[in-house]
Participant: 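My questions all concern the structure below.
Quick caveat: nothing in here was measured; it's all calculated off a predicted structure. The basis for the numbers below is simple: all heavy atoms, side chains too, and nothing from hydrogens, waters or symmetry mates. Whatever order the structure lists ligands and atoms in, that order sets their numbers, starting from 1. Starting from 1, each residue takes its place in the sequence as its number.
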Amino acid sequence: MHFFQYRGRELYAEDVPVRQLAEKYGTPLYVYSHETLVRHFKAYDDAYATFPHIICYALKANTNGAILNLLAREGAGADIVSGGELFRALKAGIPPEKIVYAGVGKTEDEIRYALRSGVLMFNVESSDELREIDRVAHTMKVKAPIALRINPDIDPRTHPYISTGMREHKFGIAISDALEHYRLAARLRNIEIVGVQKHIGSQITRTAPFVDAVKRILVLVDALKRHRILIRYLDIGGGLGITYQSETPPLPSDIAKRLLPLLRNRDITLVMEPGRSIVGNAGILVTRTLYLKQGEGKTFVIVDAGMNDLMRPSLYDAFHQITPVVKKNRTKIRADVVGPICETGDFLAKGRIIDRVNRGEYLAVMSAGGYGMSMSSTYNSRPKAAEVLVKGKTHALISKRGSYADLVQNEVMPRYVR
Ligand SMILES: *Cc1c(COP(=O)(O)O)cnc(C)c1O
């Protein structure tokens, strides 16, 4: 459910016509709905209201500070994967005791920063990393709270590039090696075992793989208990899908209904790490049609947003609905919607049946709030898009459009090239 709806012929973001936003702020433009963000967060919070829980929003889906501030005010924690994300989360006022730190390649500096900040736990992905965290914690004379990221070897049945929980993936520790790794952790003097974590992939649209993965983890939790290793935090990761095309992913409440009975009488706090399902449908990318070009058997609609602004179609062959910001009665065409980047892979849609649009018209690329702006780059020296947050009738810039000066701001000219 989101708040980008047509009223008559015009697409609105809450109570503001998207066309007005495009005219005021220019394109390409990311537009987010405040109400949608809050609603998606509350869907999780309400679903688990009867059980101790922390909702750690996965920053990598969208790291804009205004969005983080808004979620922090709703009570969100953070799932971070780098020192940079820790910096952003703390800056937004997310309490460190609600921050979990994931990722296979944490550096010494990052570990130090997280220990100094007092994060809830490190989600550890290998024995090497465990030893490194122990070593760094020792030099700081502290104990590092950890969970092990366990790979339950369940196929989430999503796109191979966003599937993470199977044996062949770089993530996590195989469930068959879990006990051995926990025993190692228990021996390390500056490590404190507090939890277990799993995350099997993203854009999951079925309930069964998600629930089955948790069941496998609970079997492990019971085995650990027999070895007097107590788990306080059960982190079930993120990964719930959203509707891009016609998917009908489970709601947080559908998952909760299946999980809560499994957790009854367990003295644990549930941690979850949703990203896409919070922000994905809460944002759109608005772009302007520059040119139409007739190709062999299809039309190219050339727009001012490219793969540098929204990488998902190029990277994962992902589907995003594309719809005119102002609808008219018109014929349909089969088109490739492409950007200005000098790459064949630069497209937003391929062979898509869309309205015959004209030059200068605005198009909305739907469901672009997650893994859109956060994955964007300045490839082809294209400044970053601007971002706007709408709340009811009001709207405000939450990230300025990049400038040409921004493109070169970090460059340094050594004497021998001057
Ligand atoms: C990416 C990621 C998430 C968030 O995934 P979504 O599909 O956006 O919900 C959560 N946890 C970890 C460890 C991740 O890598």
Participant: Is the shortest side-chain heavy-atom distance between Ile255 and Pro250 below 4.5 Å?
Facilitator: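 Sidechains of Pro250 and Ile255: in contact.
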Participant: Do any nitrogen or oxygen atoms of Val81 lie less than 3.5 angstrom from nitrogen or oxygen atoms of ligand 1?
Facilitator: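 By distance alone, the answer is no.
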Participant: Considering residues, nucleotides and ligands other than Asp222, do more than 12 of their heavy atoms fall under 6.0 Å from its CG?
Facilitator: yes
Participant: Looking only at non-hydrogen atoms, find the nearest pair between Met373 and Glu387 and report the distance.
Facilitator: CG-OE2, 3.2 Å
Participant: Could you tell me which atoms of ligand 1, counted from 1 in the order shown, lie closer than 4.0 angstrom to a heavy atom of Tyr371?
Facilitator: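 Near Tyr371, the atoms of ligand 1 are 1 (C), 4 (C), 5 (O), 6 (P), 8 (O).
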Participant: State the atoms of ligand 1, each with its element, that fall below the 4.0 Å cut-off from a heavy-atom position in Gly238.
Facilitator: 9 (O), 10 (C)
Participant: State, without any angle test, whether Tyr32 and Asn64 hold a side-chain donor-acceptor pair at a distance under 3.5 Å.
Facilitator: no
Participant: Using heavy atoms and a 4.0 Å limit, tell me yes or no: is Gly237 in contact with ligand 1?
Facilitator: no
Participant: Short N/O distance, under 3.5 Å, between Gly239 and ligand 1?
Facilitator: yes
Participant: Does ligand 1 have an atom under 4.0 Å from some heavy atom of Ser277?
Facilitator: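 So Ser277 does not count as touching ligand 1.
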Participant: Pro274 heavy atoms, cut-off 4.0 Å: which ligand 1 atoms fall inside?
Facilitator: 9 (O)
Participant: With no hydrogens and no angle check, is any side-chain donor or acceptor of Glu180 less than 3.5 Å from a backbone partner on Asp177?
Facilitator: no
Participant: Can you find an N or O of Arg149 that's nearer than 3.5 Å to an N or O of ligand 1?
Facilitator: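 In this structure, Arg149 places no N or O atom under 3.5 Å from an N or O of ligand 1.
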Participant: Please say whether the positively charged group of Arg352, taken as NZ for Lys or CZ for Arg, lies over the ring of Phe319, i.e. under 6.0 angstrom from the six-membered ring centre and within 45 degrees of the axis.
Facilitator: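 The answer is yes, since Arg352 meets both limits relative to Phe319.
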Participant: What part of Ala58, side chain from CB on, backbone N/CA/C/O, both or neither, has a heavy atom under 4.0 Å from ligand 1?
Facilitator: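 Side chain only; the backbone of Ala58 stays clear of ligand 1.
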Participant: Under 6.0 Å from the six-membered ring centre of Tyr101 and within 45° of its axis: does the NZ or CZ of Lys106 meet both?
Facilitator: yes
Participant: Could you tell me if Lys400 sits above the aromatic ring of Tyr25, with its cationic atom closer than 6.0 Å to the ring centre and no more than 45 degrees from the axis?
Facilitator: no
Participant: Under 4.0 Å from a heavy atom of Ser202: which atoms of ligand 1 are those, numbered in the order shown and with their elements?
Facilitator: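 Near Ser202, meaning under 4.0 Å from one of its heavy atoms, ligand 1 has 6 (P), 7 (O), 8 (O).
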Participant: Does an N or O from Gln197, backbone or side chain, lie closer than 3.5 Å to an N or O of ligand 1?
Facilitator: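 N/O-N/O distance under 3.5 Å: no.
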Participant: Give the single entry among Gln203, Glu125, Arg276, His199 that approaches atom 5 (O) of ligand 1 most closely by any heavy atom.
Facilitator: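 Residue with the shortest heavy-atom distance to the ligand atom: His199.
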Participant: Which one holds for Glu273 and ligand 1: side chain close, backbone close, both close, or neither close, with close meaning a heavy atom under 4.0 Å?
Facilitator: both
Participant: Ring of Phe3, cation from Arg39 - is the NZ or CZ under 6.0 Å from the centre and inside 45° of the axis?
Facilitator: no
Participant: I'd like to check which ligand 1 atoms, numbered from 1 as shown, lie under 4.0 Å from a non-hydrogen atom of Gly275.
Facilitator: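 Near Gly275, the atoms of ligand 1 are 6 (P), 8 (O), 9 (O).
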